[in-house]
Amino acid sequence: MRVIFMGTPDFAIPVLEALTTKHTVIAVYTQPPRPAGKGYHLTPSPVHQKAASFGIPVYTPISLKNEEEQKKFAALKADVAVVCAYGLILPATVLNTPLKGCINIHASLLPRWRGAAPIQRAIEAGDSESGITIMQMDVGLDTGDMLLKKSCPITAETTGESLHDTLSTMGAELILKALDENMQPQPQPTKGVTYAEKIQKDESLIDWALPADQLAHKIMAFYSYPATYTVYHGERIKILKAHATQLTTDQAVGTILDSNLHIACKNGTVLQIDFLQRAGKKALSTADFMQSDFLKIGDLFCATN
RNA sequence: CGCGGGGUAGAGCAGUUCGGUAGCUUGCCAGGCUCAUAACCUGGAGGUCGUGAGGUUCAAAUCCCACCCCCGCAA
């Protein structure tokens, strides 16, 4: 089939690669290059770079809501458009242009976690499973009829990064299957709808006045990007991995209880930090980190900047 | 030229301001002791101090120059 691929971040790369093995990818749409990295250089998106290495024509419109872009899109005469973490709204005209419409790869078990950050929100909420849903796009936000669905477990060791990688691979497999076989579209259930809000910058700051298990979920969800952090004597410290413990304490929330980095949380619950990083330093395990005497037992982590 | 921190023993760091024998903690090896809740004591191995047969100097981890690499902010 003649396929248009629309995607932007790393997550979409395996999908693009998979498509090129079985179909003719006639064009790739992705977000325009943005300033990024040290030096603020204009950097093409990961999908942009990958497409360029394949020699596939790349389009980077700022919007698809104007007629001119829509004409260009139609002129490609695609059989189908595959959309994966593209980051632009597709108007109805665009959705209806390809013969088989636009098919989306979404990183959740719809209708749970519609929206921008389904991977992190699922872990943060303490869900026991996540997955991929392939759907026929309509004008709503992730509301289209479902073609394929596959789940995977979330454990205490699952991080945003590991789940991202798992689902990315899974998405690549499922999209090929969905294109090959003639799947019967099924409407999404009307019950169980939740929305995965985009992650805001201020969410990364840890509030120690929350229960340990809740914090553990959030810390693991935010690993490795954007990562949670706390403040110690005015310096930012990334808390990269942690787990809730069965211990209890009567110390104030945010107190560093011992050299194993057990930290007091709400209602005397105790979180143990496993992996952390000072600004400008390497990420270290708790054992390595505590070889310096930077953190003093009994001191408090702050919940404000 | 967006702002900033860093590269010294397997790991984590001090030493650099003001040049003068390579240090600390931990880990590892050997021995001792018999302990408590990162056990303790003694001894030992382990380092081209990121790179450049660079520059300055009687002398460079330290000052100067160039380059490489890692990371925080920001996106």
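Here is the naming used below: chain letters follow the sequence lines, and residue numbers restart at 1 for every chain.
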K.L.:
Using the six-membered ring wherever Trp is involved, compare the ring planes of A/F294 and A/F289 and label them parallel, tilted or perpendicular (cut-offs 30° and 60°).
P.N.:
perpendicular
K.L.:
A/H41 has an atom NE2; how far is it from atom C1' of B/C3, in whole Å?
P.N.:
14 Å
K.L.:
Going by atom types only, do A/W113 and A/D127 share a side-chain donor-acceptor pair under 3.5 Å?
P.N.:
yes
K.L.:
Within this structure, what is the CD1-to-P distance between A/I237 and B/C73, rounded to whole angstrom?
P.N.:
13 Å
K.L.:
Take the protein atom CG of A/L295 and the nucleotide atom P of B/A38, then report the distance between them rounded to whole Å.
P.N.:
18 Å
K.L.:
Tell me who clusters with A/L109, hydrophobic residues only, linked when side chains sit under 4.5 Å apart either directly or through other members.
P.N.:
none
K.L.:
Does a side-chain heavy-atom distance below 4.5 Å link A/L64 with A/L90?
P.N.:
yes
K.L.:
For the pair made of NZ in A/K38 and P in B/C73, what is the distance, rounded to whole Å?
P.N.:
9 Å
K.L.:
Kindly list each side-chain donor-acceptor pair under 3.5 angstrom involving residues 209-227 of chain A, sequence neighbours excluded, with atom names and distances?
P.N.:
from, atom 1, to, atom 2, distance (Å)
A/H217, ND1, A/D213, O, 3.3
A/K218, NZ, A/E203, O, 2.8
A/S224, OG, A/E161, OE2, 2.8

K.L.:
Starting from C1' on B/A38, measure out to CD on A/Q272 and report it in whole angstrom.
P.N.:
13 Å
K.L.:
Within residues 274-291 of chain A, which residues have any heavy atom lying less than 4.0 Å from an atom of RNA chain B?
P.N.:
A/Q277, A/A279, A/G280, A/K281, A/K282, A/L284, A/D288, A/Q291
K.L.:
Run the salt-bridge test on A/K71 and A/E68 with the 4.0 Å N-O cut-off and return the result as yes or no.
P.N.:
no
K.L.:
Atom CD1 of A/I297 and atom C1' of B/A38: how far apart are they, to the nearest Å?
P.N.:
9 Å
K.L.:
Would you measure the distance from the P atom in B/C35 across to the matching atom in B/G47 and give it in whole Å?
P.N.:
38 Å
K.L.:
Please state the P separation for the pair B/A39 and B/G44 - nearest whole angstrom.
P.N.:
24 Å
